There are 2 protein chains.
Amino acid sequence: MPTIRERNKRLIIKTACQVFADKGFAATKTSEIADKAGLPKANIYYYFKSKEALYRAVLDSVIEPLLQANSHIYEQDEPARALQDYIRAKIRISREHADASKVFANEIMHGAPHLSPQHREQLKAEANASVARIQGWVDDGRMAPVDPQHLMFVIWASTQTYADFDWQIMQITGRKKLAAQDYDAAAKLITDMVLKGCEVVPCEA
Amino acid sequence: MPTIRERNKRLIIKTACQVFADKGFAATKTSEIADKAGLPKANIYYYFKSKEALYRAVLDSVIEPLLQANSHIYEQDEPARALQDYIRAKIRISREHADASKVFANEIMHGAPHLSPQHREQLKAEANASVARIQGWVDDGRMAPVDPQHLMFVIWASTQTYADFDWQIMQITGRKKLAAQDYDAAAKLITDMVLKGCEVVPCEA
DNA sequence: GTCTATACGACGATAGAC
DNA sequence: GTCTATCGTCGTATAGAC
């Protein structure tokens, strides 16, 4: 059973994540987080010693789900399978954790001023491991000799864009909200493009 | 000959663009813009009636260069040529107008709260025209039947990421500053992937 | 643990001399 | 057209009652 403390902290972090994603750190007022969470503002400061501390807590909570997708790169031995699972997972994250993605994107875009050195290292390590894995497939002749780093950047960018820049996607597609078929279409196109680009033959879904 | 008024306005807009790109609208202090431009803060307010008016002026100044790349979609009749010119142009913009790209990305990520209805329409119209052009090539059987909207999103995302998330790119590549060869490698990979994905044969550079 | 009322600092904006 | 000095507001953070 969760203590009242844990329950409230979670509520505040979750609400704060939404507002930070929407407005960015500086434009977010603690009073707005409080209102949206249905709590008086002072309550926020009872659980978090400052707005920045709350923001860091949000950043922490956001990183793990965003890194989950990486597992597919390791768990699958076959390049085609690994890449298509990875892309699908990244798209699913853009759909299910859009706020998390936006908070993180904002942080990165401004040079990650609030990201702890530990997290920086963790992200770098994950990226390097994925790059090494892809390079291994290239060396084994199991895929075309693409630059693994830039391949990662393309996959990250084109999947995360459906979360970070969802406003633009909705404007162009004319949707009020992105639906399952939109994410599926995105995943299909990105997967096709990447697999053809890497010259590996797709596995069945 | 530029009037002193125009010269100062330009200096302020240019400086403001850098700071807004770095910090975002809310986190930017007008005093910082003033300091960086080597002017007293009151001077900013002599030329712009408010921080928001200055920001809107920056947004205005930023849109035209960002849309220039689109011309390649119309001016080239051959899909392969058009796409590779377009990607190269987008990458060049990410290199030469990184600040502009970041300001714009920030605005879009938060739902474009400051973008004028005219600019919204203009962007939508440009996008729709590009999409129609690509659809035309598909209908003519000159490229594989890809979804033109999602193809645009992939191209936008994967080229703009080199400006908007340059911090991350530099972290992973270990560079202190991205060099010509990095942008070239990016353009090459994205172009290869898109052309293979669309099943059109590359033109010579 | 919850909440009201308030202190305090920072920053946008301006008045007014030069 | 330039700049100093200052005002007013807004928002973070806290004191202290319940």
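The chains referred to below are lettered A, B, ... by the order of the sequence lines, with proteins before strands, and numbering in each begins at 1. Everything numeric here is computed off the predicted structure, so don't read it as measured data. The basis for the numbers below is simple: all heavy atoms, side chains too, and nothing from hydrogens, waters or symmetry mates.
Within residues 34-43 of chain A, the residues approached by DNA chain C to less than 4.0 Å at the level of any non-hydrogen atom are A/Pro40, A/Ala42, A/Asn43, in residue-number order. DNA chain C is contacted by A/Tyr46, A/Tyr47 of residues 45-60 of chain A, taking any non-hydrogen atom closer than 4.0 Å. Contacts between residues 21-29 of chain A and DNA chain C, defined by a heavy-atom separation under 4.0 Å, are absent.
Counting only residues at least two apart or on different chains, the side-chain hydrogen bond (donor to acceptor under 3.5 Å, both in side chains) pairs with a member in residues 172-182 of chain B are B/Arg175-B/Asp182. Pairs passing the side-chain hydrogen bond (donor to acceptor under 3.5 Å, both in side chains) check and including a residue from residues 92-105 of chain B, sequence neighbours excluded, read B/Ser101-B/Asp164, B/Lys102-B/Asp166.
When the salt bridge (Lys or Arg N to Asp or Glu O under 4.0 Å) test is applied to A/Asp147, no partner is found at least two apart in sequence or on another chain. Remark: B/Tyr55 engages B/Phe20, B/Phe25, B/His114 in a ring-ring contact (aromatic ring centres under 6.0 Å, His included) (not counting sequence neighbours).
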Can you give each donor-acceptor pair under 3.5 Å made by side-chain atoms of residues 26-45 of chain B, sequence neighbours left out, with the distance rounded to 0.1 Å?
unit_1, atom_1, unit_2, atom_2, d
B/Thr28, OG1, B/Gly24, O, 2.6
B/Glu32, OE1, B/Lys23, NZ, 2.9
B/Glu32, OE2, B/Lys23, NZ, 3.0

Using a 3.5 Å cut-off and no angle test, enumerate the donor-acceptor pairs between side-chain atoms of residues 153-160 of chain A and protein atoms at least two apart in sequence or in another chain.
unit_1, atom_1, unit_2, atom_2, d
A/Trp156, NE1, A/Tyr86, OH, 2.8
A/Ser158, OG, A/Val154, O, 2.5
A/Thr159, OG1, A/Ile155, O, 2.7
A/Thr159, OG1, A/Trp156, O, 3.1

With a cut-off of 3.5 Å and sequence neighbours excluded, list every side-chain donor-acceptor pair involving residues 12-19 of chain B.
unit_1, atom_1, unit_2, atom_2, d
B/Thr15, OG1, B/Leu11, O, 2.7

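A nucleotide of DNA chain C counts as in contact with chain A when one of its atoms lies under 4.0 Å from a heavy atom; the first and last such, 5' to 3', are C/dG1 to C/dT4.
The C1' atoms of five pairs define one axis at each end of the helix from C/dG1-D/dC18 to C/dC18-D/dG1, and these two axes lie 0° apart (to 10°).
At distances below 3.5 Å, at least one donor-acceptor pair connects side-chain atoms of B/Arg133 with backbone N or O atoms of B/Ile73.
Salt bridge present: A/Asp192 and A/Lys188 bring a charged side-chain N and a carboxylate O closer than 4.0 Å.
No side-chain heavy atom of B/Arg88 sits under 4.5 Å from any side-chain heavy atom of B/Ile91.
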